[in-house]
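Please read the structure below before turning to the comments.
None of these values were measured; they are calculated from a predicted model.
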Amino acid sequence: MTGTRSDPATTRPGATARLLAVLRSPWVRWGFLVLALALAVYAVVAVREDLAEAAEALSAGRLALAAVLAVLFVGCTWLSWRAVLTDLGSRLGPRAAVAVFGISQLGKYVPGGVWNVVAAAEVGADHGVPRRRTMTATAVATGVGVVSGAVVGLVALPFVALESLQSWSWVLWLLPAVVVLLLPPVLNRLLAAALRWARRPALEHPLSWRGLGAAAGWAVAGWLLAGLQVWLLATGLGMASDVRTLALAVGGYALAWTVGFLVVVVPAGAGARELVLLAVLTGALPHAEVLLVVLVSRVLITLADLLFAGIGALCRRPAGVRFAPLAPRAWLRWDVVHRMLPTRRSAVLEIGCGQGGFGMRIAARHDYTAVELDAGSWRVAAARVGAVDPAARVLHGDLTVLPAQERFDVVCAFEVVEHIEDDAAALVEWAARVRPGGTLLLSTPADPDRYGPWDAMAGHYRRYEPSHLARLLADAVLTDVVVRHYDAPLGFVLEPIRDRVARRQAVAAAAPAGAPSSDPDLAARTADSGRRLQPHRRLTGVLTAVGTWPFRLLQRALPHAGTGLVAVGTRPQTDAPPDAPPAGRPAAHPDTRPPED
């Protein structure tokens, strides 16, 4: 980038970019989740009377075993998807993979046929997987499921009367063409062409025979388990228990799922799949019993999807770890900061990590290193961050405790720069720790006129105007500088409360900015500032998180107002020569919205 602002009239985002921005909105994401969950629950509640009838006709043991088979079927679908994602270059651990896949399963219940792909991409980005890779993996895994389902259905054709499929029999004639499209040499070329057309980077890792073979194997295993579930229910209602009826159930379910996938205008193929399965099983069982089998099977699969979604939600954080609670203003700050961090796993250094509230959250998704001067805060932070990632480093001291040549993708310092007398020199030192192309990310109090008792008590030298902070970052040879406010409107309510607390603790009211470095209490006040007003009880932390949630959303619409600033700048790929003027100055654009991740 050149570091200069282009004419807005020539840089308006295209329709795709605007659509992606809308899809990444928290309102859309939460609204989608609520809608999908409601539709999935409705799919169960709508047939509650039929379920009551099934409970009377089928034994508890048979129903329980059918439920287990439904969970195993969805589990095989998950393993097939994970095999494709691994083959594309993103090997997620079981917890992260369940989080991405499980939550995305709810998307199947929203009409349109693509929402599970979109949901997987968004949740995958939270786990460091590029969106295009997750979307490709989900689309390919779905294609593998369709083809393998059609193959399993063809194997069962000797037991299925082709005419029973009636108007849906044309689907089988597409099978040879689809099989050819899913061969790795053909599929890789198609994916490359699609990404070029979308003006997206090519995939780093092409699909291999081994990866697609593993995905197909798990998909076939899933069809066998789903068909076994249907057979178990049908035989409980009077269908003969033999190999022929087992093949009929397996092949019929696989064909029904294939047809349901092609009918994208209804959620999860509802209706279309049931009609095909009814047609296949007619003759082996009376119509009323067939309808009951179809409905019970559908409900059990839906419950299995909901189970995976619930497990996925629980797996979004490290096992056995509870993130430390945050104070209200810290929650507002974190909402801005975490959206500025890279979506893919990166090396992150935090300068002055305090007690590790942010550090825990960063370490859950990135390779984390931190330095902290205060011994008490360092001990707390080391224990907290170590519980999230034992490989993370939390070091006692300043930057000199790190190897001089070590560089990071992101260097961050939250509420630190205002404690340093020579802030310009500190920013140059921090920027030097950023790898070329990496970013420096920081937060600090805004508006010098607001300097008050809390600032004096906390050991602040100053507060910042956005333009002044932007110039300092530019002078540190950072480009593409973005500075924005945060915490409005809640911050304007919280700040007077903090000032009142400071007055009660006998700190000089409205002390002038620029406290002298000779002040013997300055270091102690600075060390203590990160421990004040921090919630310690879990209930308090939960209430704070819930209470600040609406304000976290509201502040995103108010990037030009607030009592705090968040700033980010990029280190150029090639640093300017020593005798060149500061390369970052033309790129400073204070008080603007942060770029979308």
Side-chain angles (χ1 to χ4, degrees), residues 14-17 19-21 23-24 29 32 74 76-94 96-108 110 112-149 177-219 222 258 261-262 264 308 312 342-345 365 596-597:
T16 301
L19 177 60
L20 289 175
L23 292 176
R24 293 169 191 171
R29 294 180 74 171
F32 165 82
V74 177
C76 286
T77 306
W78 165 62
L79 290 171
S80 179
W81 169 85
R82 188 184 179 210
V84 176
L85 187 64
T86 300
D87 198 40
L88 289 173
S90 290
R91 184 175 181 82
L92 291 179
V98 169
V100 177
F101 176 84
I103 295 174
S104 72
Q105 285 299 94
L106 292 177
K108 298 190 307 183
V110 178
V114 298
W115 298 110
N116 63 314
V117 179
V118 175
E122 291 302 311
V123 181
D126 294 340
H127 290 267
V129 182
R131 288 182 174 85
R132 71 179 186 280
R133 187 178 297 171
T134 310
M135 295 180 76
T136 300
T138 306
V140 171
T142 303
V144 169
V146 171
V147 173
S148 61
V178 177
V179 169
V180 171
L181 293 178
L182 286 181
L183 297 178
V186 178
L187 183 57
N188 285 324
R189 287 182 172 84
L190 290 174
L191 292 174
L195 290 171
R196 283 197 304 271
W197 178 79
R199 297 182 180 179
R200 292 290 184 179
L203 293 172
E204 298 88 342
H205 303 276
L207 290 161
S208 67
W209 289 96
R210 180 178 180 179
L212 283 176
W218 284 116
T258 301
F261 168 78
L262 297 175
V264 298
F308 266 79
T343 56
R344 65 180 61 189
R345 194 168 188 88
R365 298 179 183 175
E596 291 291 338
D597 57 13

Report task. Starting at CZ of Arg344, measure out to OG of Ser90 and round the result to the nearest 0.5 Å. Result -> 8.5 Å
Requested in this report: Can you see which heavy atom on Ala83 is nearest to which on Gly211, and at what distance?
Outcome: CB-O, 4.3 Å
Query raised in the report: What is the distance from atom CG of Leu212 to atom OG of Ser80, rounded to the nearest 0.5 Å?
Result: 9.0 Å
Requested in this report: Considering non-hydrogen atoms only, spot the tightest contact between Val144 and Ala219 and give its length.
Outcome: CG1-CB, 4.3 Å
Query - Thr138: side-chain contact (heavy atoms from CB on, under 4.5 Å) partners, not counting sequence neighbours - result: Trp81, Asn116, Val117, Ala120, Thr134, Thr142
Report task. Return the minimal non-hydrogen interatomic distance between Trp78 and Pro94, and the atom names on each side. Result -> CZ2-O, 3.9 Å
Report task. Find out whether Val74 and Phe101 are in side-chain contact, i.e. whether some heavy atom of one side chain is under 4.5 Å from a heavy atom of the other. Result -> yes
Query raised in the report: Donor-acceptor pair, Arg133 side chain versus Leu85 backbone, under 3.5 Å?
Result: no
Query raised in the report: Got a donor-acceptor contact below 3.5 angstrom from the Arg365 side chain to the Arg345 backbone?
Result: no
Query raised in the report: If you round to the nearest 0.5 Å, how far is OG of Ser208 from CG of Asp87?
Result: 3.5 Å
